[in-house]
Amino acid sequence: MVPRECKLTNLSFRQRRGVFLYNSASQRQLARGGRTVEDRYPFSEVEARWQRKWSEANIYRVHTDPDRPKYYCLEMFPYPSGALHMGHLRVYTIGDVIARVKRRQGFNVLHPMGWDAFGLPAENAAMQHGTHPADWTEKNIANMKRQLLMLGTSYDWDREVTSCLPDYYHWTQWLFLHLYHRGLVARKKAEVNWCPQCQTVLANEQVEGGRCWRCDTAVVAKELEQWFFRITEYADRLLEDLQDLDWPERVKVMQENWIGRSEGAEIDFMLEKVGQPLRVFTTRPDTLFGATYMVLAPEHPLVPELATGGPYEEDVRRFIANMKNQSEEERTGAEKLGVPTGAYAVNPLNGERIPVWVANYVLMSYGTGAIMAVPAHDERDLEFARKYYLPVRVVISPPGAELKAEDLEEAYTGPGLMINSGQFNGLAWDEGKERVIEYAEQQGFGTRKINYRLRDWLVSRQRYWGAPIPIVYCSACGIVPVPEKDLPVTLPRDVHFEVGGPSPLTRSQEFIETTCPQCGEPARRETDTMDTFVCSSWYFLRYCSPHETEGPMAVADTSYWMPVDQYIGGIEHAILHLLYARFFMKVLYDSGLVPCPEPFASLLTQGMVVKGGAKMSKSKGNIVSPDEIIARYGADTARLFILFAAPPERDLEWSDRGVQGAYRFLNRLWRLANIIQGLEDSGQLPGEAEEGLQRARHRTIKKVTSDFTERYNFNTAISAVMELVNEMYGYLDQVTEKHKQTLTDILETVLLLLAPVTPHLAEEIWQRLGHKTSIHEQDWPTFNPEYVREEEVTVVIQVNGKIRDKLVAPVDLGAEQLQEMALASEKVRKHLAGKQLQKVITVPGKLVNVVVK
RNA sequence: GCCGGGAUGUCGGAACUGGUAGACGAAAUGGACUUAAAAUCCAUCGGGGAAUCUCUCCGUGCGGGUUCGAGUCCCGCUCCCGGCACCA
């Protein structure tokens, strides 16, 4: 510790023509920044000391307390990859500031941290380095926790959850069974996405442009029997409830698109040959008269039957064989290809016979796997029709134009009136849609239907490092869920890993061999584990009652804490995690285990940290390590820079210069505190200069409070505090008789406002000022509106909208006087000379605009 | 192609409800201090003119419009970033 009395008594910062007057050599050196002991703050000692003290005092511990208003502030928990990167630093700093401000505003703040600890990298590390995934994960967690502590974050570590530990995945398994018993788990044989690199299947959401989201390997289609969560049952609610969420518009839109609701109808076309109907889904029943052919997906069950015995039997067989080798992903984007089946269907509205084709552009997995093609009004159908010389018939006529089928260059998908449509002619398309559906329902050849793009969530993974799916296969009883009392199904530790090989669980006899919970006979365990997104779909609930042993959570706790008031994380989870978590929450809401159907009331998606315009990555060699920055400048500097450099939603360009600037500011504040403490009170009453400082103080409190709590614009909040510090320096520079009390008051305000951002330095100076309790337990400062209200303002005088003069006037000066003053201004009169006065616009307290001609 | 977001000094970014464009920081330049450098402190810092301590013109991606007044609102474009993309 540095002796407090060391500096600056009686220092007078008088500046005359660039000459400072000092009382002693050492003061002179200090004032111009020569390095003395107190010149730069000893951040590493200060930060370590306070981290220890806060941890000993357990000041961030919270409890369920229905008598107090709660606030749940949550950042997405990290995957323990080994070390924090700058993106982590950013998200955890943002969350920490919000939590700290809310706490000081009187809320009971839940701010927990944990680890999304299952996942493939641990298993890959096991194979590459011969470590066990559990050990590898544990080591990484220890390191990342150390980093989080060094960052000065305010988590309640008693609530730490680690998803790979049995006392957590016990409840992940419990939830699987809960869904199972609610009929929301299905075992289905389906064409699924297989990643050859990861040696496992993937959910639809985890395939990006045909590639694995994790390793970027092209996925291949495989027909497998797998476990699914029936998220599609919740499609409508997932869509509807988006409306009320305080989330970024683009995230909502992404989810909306992903769910992809489309309204239309299913229509039956009678197949001539087989005498049974072919059901299609269409969103355009109004174009039914324009259907000139039908298309089936290659996998459609009716295809073989339709082709058999016809002239194209061989062609169809070959076409289907070709398509079999292609995934949906490969087919989409490929050229449209098809063959006629030789069969015909009958249009239920006009009795017309139209040919039935098989083509690659119709997918079995959507709708009914069959469509009616209306080339005049559908882009894709037109492309196909032109290629294979199929007829085109216009049935919607756009206002003020006439379409000719022959020279139609692109399909007309806009609004218009129905034509060539028998009894529906003349109807507007939207009304026509309704009428056709009504008619179809009446006649019994169709029904109203809503389809979704969303597919069920495939949760099986053929990997070891995940929560085992709690299912047993019995030769007598079939599929049997593991009873609750037998949970958790523990992952065996002693297994053998093999590069590129199957999951070690499939060869662990110890794990596989069990007895049937129903009949007691020998049975076999499911060897697949759950998608790690299952673990992360409910962790925010576990934080509410992390030590609960009777269930995944206690209703008393979830009903107090949920929903999360502020959730913070990266945009990359816009669909994946955020959709799954919402689904889980709705299921649990229906079970009465949580008080609300949505988990995250408000979402903040922070931007990336980039350097040289590119995302930090090993391959680009532009990584800045958090450890290095903290060692060099301290956590407070890192936090300050990260918040100051850009608003949270935007990408943040890392700048070493900017970090130094943040560091410089903290030292500037440190020196200011030393200067103020070293002052002797002049003993005078506060005067005008002090009054000015007080106004600045209250203005700053107002600005910082709203920036921190309403807008989350930390950068402008910090710049406001910087301005206040600059004003204090200005005061020291200009005022001979310094008022120590005023300066101390204002310094304390600066500390109180900055404490969420730079918790260590703020605490250090705070306690050096003589306070005995932590700054982080002080009430958030409030401002006095009287002080915020300016008495005098600069009023801008414009002539024809151009600024010609400015004058200082009392804030409440009436419009008439302002006008008078404006017209009296010489500068203004210069611009009025020889012109005709038209009118004068006056905004009291702001401006006067004189309009002349 | 569709949907979303963006474009402001040399750079990161301010300007919250239409009312002083460029806060704050970085860089740069000049000065003070120093044997010197770093650090610190002070000053300047969008562009062009006057010939300079004041005034003037231009200026928020481009072109129009509304308004006394537009970075902000409206219409039409350009470019950049992100997401989705045979979903019938």
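To find a chain, count down the sequence lines: A is the first, B the second, and so on, and within it residues start at 1. The figures that follow rest on heavy atoms only: side chains count, while hydrogens, waters and symmetry mates do not. All figures in this text were calculated on a predicted structure; none of them were measured in a lab.
Closest approach of A:Asn849 and A:Gly801 over heavy atoms only: OD1-N, 3.0 Å.
With a 3.5 Å ceiling on both atom-pair distances, B:A39 lacks any Watson-Crick or G-U wobble partner. Summarising the base pairing, B:G9 is matched to no nucleotide, lacking a Watson-Crick or G-U wobble pair whose two defining distances lie under 3.5 Å. The partner of B:U66, taking Watson-Crick or G-U wobble pairs whose two distances both stay under 3.5 Å, does not exist in any strand shown. Here B:G46 sits opposite B:C58 as a Watson-Crick or G-U wobble pair (both hydrogen-bonding atom distances under 3.5 Å). B:C2: Watson-Crick or G-U partner is B:G83, with both key distances under 3.5 Å. Base-pair partner of B:A23: not found among the strands shown (Watson-Crick or G-U wobble, both distances under 3.5 Å). Partner assigned to B:A14 is none, using Watson-Crick or G-U wobble distances below 3.5 angstrom.
For A:Arg804, the listed nucleotide lying nearest its side chain is B:C57; candidates were B:C57, B:U20, B:C86. For A:Leu363, the listed nucleotide lying nearest its side chain is B:A88; candidates were B:G12, B:A88, B:U40. Among the nucleotides B:C86, B:U20, B:G13, the one closest to any side-chain atom of A:Ile803 is B:U20. Taking the side chain of A:Thr282 as heavy atoms from C-beta on, and the options B:C86, B:A39, B:A88, the nearest nucleotide is B:A88. Closest to the A:Arg711 side chain, of the nucleotides B:G83, B:A15, B:C86, is B:A15. Closest to the side chain of A:Arg650, from the set B:U20, B:A14, B:A85, is B:A14. Of all nucleotides listed (B:G19, B:C41, B:C86), B:G19 comes nearest to the side chain of A:Val843.
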Using a cutoff of under 3.5 Å, can you pull out all pairs of nitrogen or oxygen atoms linking the protein to nucleotides 23-28 of chain B, with atom names and distances?
unit_1: B:A23; atom_1: O2'; unit_2: A:Glu723; atom_2: OE1; d: 3.2
unit_1: B:A23; atom_1: O2'; unit_2: A:Glu723; atom_2: OE2; d: 3.2
unit_1: B:G25; atom_1: OP1; unit_2: A:Asn726; atom_2: ND2; d: 3.3
unit_1: B:A26; atom_1: OP1; unit_2: A:Arg664; atom_2: NH1; d: 3.2
unit_1: B:A27; atom_1: OP1; unit_2: A:Arg657; atom_2: NH1; d: 2.8

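Near RNA chain B, meaning a heavy atom under 4.0 Å away, the residues from residues 258-265 of chain A are A:Ser262.
Considering only side-chain N and O atoms, A:Arg250 lies nowhere under 4.0 angstrom from the phosphate OP1 or OP2 of B:C84. Considering only side-chain N and O atoms, A:Lys802 lies under 4.0 angstrom from the phosphate OP1 or OP2 of B:C58. A close approach under 4.0 Å does occur between a side-chain nitrogen or oxygen of A:Arg453 and OP1 or OP2 of B:A85.
Legend: residues meeting side chain to side chain contact (heavy atoms under 4.5 Å, CB included) with A:Glu710, ordered by chain and number and at least two apart, are A:Ser706. Not counting sequence neighbours, the partners of A:Asp381 by the side chain to side chain contact (heavy atoms under 4.5 Å, CB included) test are A:Tyr293, A:Tyr361, A:Ile371, A:Ala373, A:Pro375, A:Asp378. By the side chain to side chain contact (heavy atoms under 4.5 Å, CB included) test, A:Glu263 is found to be paired with A:Arg261, A:Ile450, residues two or more places apart in sequence or in another chain being considered. Every residue was checked against the ring-ring contact (aromatic ring centres under 6.0 Å, His included) condition with A:Trp247, not counting sequence neighbours, and none meets it. A:Val192 is linked by a side chain to side chain contact (heavy atoms under 4.5 Å, CB included) to A:Ala190, A:Val201, A:Lys222, A:Leu224, A:Gln226, A:Phe228, A:Leu458, counting only residues two or more places apart in sequence or in another chain.
Residue-level contact check: A:Asn667 touches neither bases nor backbone, having no heavy atom under 4.0 Å from any strand. Using a 4.0 Å heavy-atom criterion, one finds that A:Lys703 contacts the bases of the nucleic acid, with or without backbone contacts as well. A:Pro248 comes within 4.0 angstrom of no nucleic acid atom, judged by non-hydrogen atoms across all strands.
Between A:Tyr633 atom OH and B:A39 atom C1' there is a gap of 13 Å when expressed in whole angstrom units. For the pair A:Asp651 CG and B:C81 C1', the computed distance is 9 Å after rounding to whole Å. Put simply, CG on A:Leu278 is 13 Å from C1' on B:A88, counting in whole angstrom units. Taking atom CE of A:Met254 as the reference point, atom C1' of B:C2 lies 14 Å away to the nearest angstrom.
Sequence neighbours left out, not one pair with a member in residues 355-364 of chain A passes salt bridge (Lys or Arg N to Asp or Glu O under 4.0 Å). Contacts classified as side-chain hydrogen bond (donor to acceptor under 3.5 Å, both in side chains) and involving residues 716-726 of chain A (residues at least two apart or in different chains) are given here: A:Arg668-A:Asn726, A:Asp707-A:Thr716. Applying the salt bridge (Lys or Arg N to Asp or Glu O under 4.0 Å) test to pairs two or more places apart or on separate chains, those with a residue in residues 639-659 of chain A are A:Asp96-A:Arg639, A:Lys611-A:Asp656.
To the nearest 0.5 angstrom, A:Phe665 atom CZ is 11.5 Å from A:Asp636 atom CG. Rounding to the nearest 0.5 angstrom, the gap separating the CZ atom in A:Phe714 from the CD1 atom in A:Ile94 is 6.0 Å.
Aromatic ring orientation, A:Tyr366 versus A:Phe281: perpendicular (interplanar angle above 60°, classes split at 30° and 60°). A perpendicular orientation is assigned to the rings of A:Trp357 and A:Phe384, their planes being inclined by more than 60° (bins at 30° and 60°).
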What string of B, S and - do you get for nucleotides 67-75 of chain B 5' to 3' if you count protein non-hydrogen atoms under 4.0 Å?
-> -BS------
Only pairs under 3.5 Å count here: list side-chain donor-acceptor contacts from residues 836-844 of chain A, not counting sequence neighbours, and write none if there are none.
unit_1: A:Thr842; atom_1: OG1; unit_2: A:Gln819; atom_2: NE2; d: 3.3

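If A:Glu653 and A:Gly367 are placed on RNA chain B by their nearest nucleotide, the residue sitting closer to the 5' end is A:Glu653.
Base orientation of B:U8: anti, since the glycosidic angle falls outside 90° of 0.
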